[in-house]
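Okay, so here's the structure we're looking at.
Below, chain A is the first sequence line, B the second, and so on; all start at residue 1.
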2 protein chains.
Amino acid sequence: MSETREQFLDAAEALFADKGFYGVSIANIADELGLTKQALLHHFTSKEKLYGEVLKRISDHFDQLVDEARASAAEPADQLKRFLLSLCARPPGDTAGTRLLMRELLDNKRRADTAGTWYLKPFLEALTDMVKAVPGWERASPAEALALGYQLLGAITYFAVSGPTLKGIYGASDYEALAEAFPDQLQYVIDAALTSPRSR
Amino acid sequence: MSETREQFLDAAEALFADKGFYGVSIANIADELGLTKQALLHHFTSKEKLYGEVLKRISDHFDQLVDEARASAAEPADQLKRFLLSLCARPPGDTAGTRLLMRELLDNKRRADTAGTWYLKPFLEALTDMVKAVPGWERASPAEALALGYQLLGAITYFAVSGPTLKGIYGASDYEALAEAFPDQLQYVIDAALTSPRSR
DNA sequence: CTGTATACTTACCGATCGGTAAGGTGTCAA
DNA sequence: TTGACACCTTACCGATCGGTAAGTATACAG
């Protein structure tokens with residue numbers, strides 16, 4: 001894999017996450033490396049294909065996080081917990097992938113017709129399996145298991161995406177306190193959701 | 001308030017929610033009413049101002065939902081629950097506001113410098129107050145209360161935003177089952193999070 | 001009949017968009 | 001020495017962007 005190619009992908013991921021597909025021009029991305037947009041097109045033939053490769057890289061990374069969580073614990077509940085916490089305990093500033101996936105979630109009604117690939121599908125299936133493996137959840141319907149997984153995933157993703165806004169509203173120091181309280185509070189909610197007796 | 005003005009706001013809300021600020025041109029919006037973009041500029045002087053008015057209308061609607069939930073129940077826990085459920089029990093297709101706010105969350109690092117207004121602030125403060133009013137949560141720190149509120153809010157918002165993608169991945173009928181299971185599952189998580197003994 | 005304001009129109013502007021065409025430069029194999 | 005390929009450039013294209021300028025049509029007050 002070419003060095004320049006990789007740098008293009010890095011720059012594109014950061015810029016697409018910040019401003020969205022329409023908000024960034026291929027010239028903007030090329031400027032980041034001090035090159036012209038035609039250098040970019042030489043490596044990726046079109047803006048749409050570059051975007052696709054960025055998405056692929058992110059979804060691969062998510063799959064890898066799932067694998068790591070699965071290998072790190074024996075108990076299904078622990079696996080799920082570790083995975084979810086690994087999502088929000090990422091090094092600060094590493095929210096680009098999460099933010100970009102959120103944008104994709106909002107935009108892909110447009111892209112679905114053309115691209116036709118659902119990058120999140122294997123990831124969501126793994127999430128559902130993890131929930132259904134938790135004691136007390138074996139007999140939940142796929143819809144119920146996915147609903148719970150999606151709610152926990154949403155809680156994390158929504159917060160990860162809100163960084164700049166929350167910092168703007170509450171100030172940097174209050175946000176710091178919130179970011180610190182968040183994982184503990186999340187762990188508490190996960191435990192409560194997984195261990196409370198199901199009402200059905 | 002002019003009739004045409006209102007129609008412009010409706011069309012703009014729907015289109016901005018679908019494609020984002022950069023993804024929609026003022027000509028697109030005007031086309032929706034069979035008018036030219038200069039008719040739009042006559043009412044709103046600039047694209048940025050139109051966008052601001054759309055945001056304002058949505059945040060007003062959210063504030064109204066909070067008020068309704070507060071008036072509809074005596075118990076703080078019930079108020080919170082009713083409010084959160086009213087968010088996800090909206091008539092289908094009414095997710096435009098939610099989706100647009102999600103986009104704003106992603107974009108307003110850019111807009112914050114210019115606009116300077118935090119439409120979500122009063123709404124988040126109301127949310128925090130509701131959590132802190134729940135028995136057992138009075139002594140939680142603001143950060144802890146907000147963290148919980150934000151997690152529940154995120155669970156709902158994330159799902160509301162994912163409609164098209166989930167429909168694409170699982171098909172319309174499976175998605176229907178998921179959308180039906182979601183509120184019950186959410187209620188279960190809310191109850192679990194609010195009533196379980198806090199661990200501190 | 002005569003302003004004056006509202007609600008729109010057509011015409012046009014410079015800037016920027018994604019993408020094509022063609023050419024230059026370096027490296028490396030035959 | 002000669003191709004062939006990878007990598008990158010300048011030059012250019014038609015389309016579209018947000019916004020300005022200058023009207024036109026209607027209604028209504030004096």
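- At whole-Å resolution of the value, NZ in A:K37 and C1' in D:dC7 are 18 Å apart.
- The CZ atom of A:F44 sits 11 Å away from the P atom of D:dC8 (whole-angstrom rounding).
- In this model, the phosphate group of C:dC8 is approached by a side-chain N or O of B:H43 to a distance below 4.0 Å at OP1 or OP2.
- At the heavy-atom level, A:L41 lies under 4.0 Å from base atoms of the strands shown.
- Phosphate contact (OP1/OP2 of D:dC17, side-chain N/O of B:S25, threshold under 4.0 Å): present.
- Side-chain N/O atoms of B:K47 and base N/O atoms of D:dG19 include no donor-acceptor pair closer than 3.5 Å.
- When the side-chain nitrogen and oxygen atoms of B:H42 are compared with OP1 and OP2 of C:dA7, one or more of them lie within a distance under 4.0 Å.
- Contact check, A:T36 against D:dT9: a side-chain N or O comes under 4.0 Å of OP1 or OP2.
- For B:T4, no side-chain nitrogen or oxygen approaches OP1 or OP2 of C:dT6 to under 4.0 Å.
- Comparing D:dG19, D:dC7, D:dT9 by their nearest atom to the side chain of A:S2 picks out D:dC7.
- One interatomic measurement links the two molecules: CD1 of B:I26 to C1' of D:dC17, which rounds to 8 Å at whole-angstrom precision.
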Does the pair A:D174 and A:K167 meet the rule for a salt bridge (charged side-chain N to carboxylate O under 4.0 Å, His left out), with working shown? CA-CA 8 Å; A:D174 280 8; A:K167 224 172 290 182; over 6 Å; no
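- Cation-pi check for A:K47 over A:F21 is met; the charged atom lies under 6.0 angstrom from the ring centroid and within 45 degrees of its normal.
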